[in-house]
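Have a look at the structure below before the remarks.
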Amino acid sequence: MNDVRDRLGVLCDQLTRHRTMAAEIEAAGTGPQLEELLGLLPTAPDASGAPASTARLGALLDAIEDACARHGLADLDVRGLEHLRSADARLPPGFALTPGGTPAAGADPVDAWVCPWSHCGRVVFPEEATARPACAAGGTPLRAYPPR
């Protein structure tokens with residue numbers, strides 16, 4: 001099973017890109033689990049937080065994923081575990097610190113947007129969005145990366 005952080009990122013991306021995804025999850029029979037999961041995200045500890053909350057998020061993701069698989073939807077495992085090998089696991093996959101310990105910055109003021117709570121591995125690049133993207137959990141705007 002992929003890391004909870006990666007799976008949350010995939011789910012958030014799917015929910016915000018595909019307006020019918022929440023309805024598909026509900027039709028698969030796990031609407032209450034999705035509602036609970038989205039309600040937990042703003043208050044859950046970050047990626048280095050308590051295992052109990054990570055376990056609950058994982059259990060909710062498993063229930064949603066299993067029901068969706070029975071309903072003909074793809075698994076939430078399209079991302080790898082690259083962030084676990086990085087020097088700072090709180091950074092999204094594909095991002096790294098410079099030798100001085102500061103985030104690598106590009107020419108643009110925003111290189112990407114990432115989870116507002118550092119709970120998932122979702123990354124949205126400026127060329128993928130026409131406006132500032134939001135989290136599936138309550139519509140909170142993603143935060144700019146590197147931080148401004």
Side-chain angles (χ1 to χ4, degrees), residues 1-22 24-25 28 30 33-69 71 73-148:
M1 173 191 332
N2 272 353
D3 181 76
V4 169
R5 177 181 163 100
D6 286 339
R7 294 167 65 211
L8 284 171
V10 172
L11 180 62
C12 182
D13 182 61
Q14 290 176 352
L15 287 169
T16 55
R17 285 182 192 260
H18 308 289
R19 299 208 182 272
T20 61
M21 187 65 176
E24 292 287 338
I25 290 171
T30 51
Q33 289 87 343
L34 177 63
E35 186 176 330
E36 181 182 349
L37 181 129
L38 295 178
L40 285 174
L41 288 178
T43 60
D46 64 22
S48 63
S53 62
T54 301
R56 181 65 186 148
L57 291 172
L60 291 168
L61 283 167
D62 288 344
I64 292 167
E65 194 169 28
D66 291 346
C68 287
H71 197 65
L73 298 174
D75 292 344
L76 301 173
D77 63 357
V78 298
R79 291 184 188 235
L81 299 176
E82 292 148 3
H83 73 278
L84 294 176
R85 293 186 287 274
S86 72
D88 183 350
R90 293 188 57 167
L91 294 177
F95 285 80
L97 297 175
T98 62
T102 58
D108 295 329
V110 174
D111 290 343
W113 289 280
V114 297
C115 179
W117 303 291
S118 300
H119 291 321
C120 78
R122 182 173 178 210
V123 178
V124 178
F125 295 99
E127 58 271 14
E128 297 176 302
T130 57
R132 185 173 184 175
C135 178
T140 302
L142 298 186
R143 66 181 165 87
Y145 186 90
R148 297 188 247 177

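Shown here for Arg132 and Ala144, the closest heavy-atom pair between the two residues is NH2-N, 4.0 Å. Of all non-hydrogen atoms in Asp111 and Phe125, the two that sit nearest each other are O-CD2, 3.5 Å. In terms of heavy-atom proximity, Gly58 sits nearest to Val4 at CA-CG2, 3.7 Å. Counting all heavy atoms, side chain and backbone alike, Ala134 lies closest to Gly139 at CB-O, 3.4 Å. When all heavy atoms of Asp62 and Arg7 are compared, the closest pair comes out as OD1-NH2, 2.8 Å. Across all their heavy atoms, Pro42 and Ala137 have their closest contact at CD-CB, 4.4 Å.
Atom CG of Asp66 sits about 10.5 Å away from atom CG of Leu61, to the nearest 0.5 Å. Once rounded to the nearest 0.5 Å, the distance linking CG of Leu40 with CG of Leu8 reads 10.0 Å. Taken from CD in Glu24 to CG in Leu34, the straight-line distance is 12.5 Å, to the nearest 0.5 Å.
For Glu36, the salt bridge (charged side-chain N to carboxylate O under 4.0 Å, His left out) partners at least two apart in sequence or on another chain are Arg56. Partners of Thr16 under the side chain to side chain donor-acceptor pair (under 3.5 Å) rule, at least two apart in sequence or in another chain, are Arg122. Under the rule for a salt bridge (charged side-chain N to carboxylate O under 4.0 Å, His left out), Glu35 has no partner lying at least two apart in sequence or in another chain. In this structure, Glu128 has no side chain to side chain donor-acceptor pair (under 3.5 Å) partners at least two apart in sequence or on a different chain.
Looking at Thr140 and Leu41, their side chains never come closer than 4.5 Å, going by heavy atoms from C-beta outward. Counting only heavy atoms from C-beta outward, the side chains of Gln33 and Leu37 never approach each other to under 4.5 Å.
Although no hydrogens or angles enter the test, the distance criterion places a donor-acceptor pair under 3.5 Å between the side chain of Arg143 and the main chain of Cys115.
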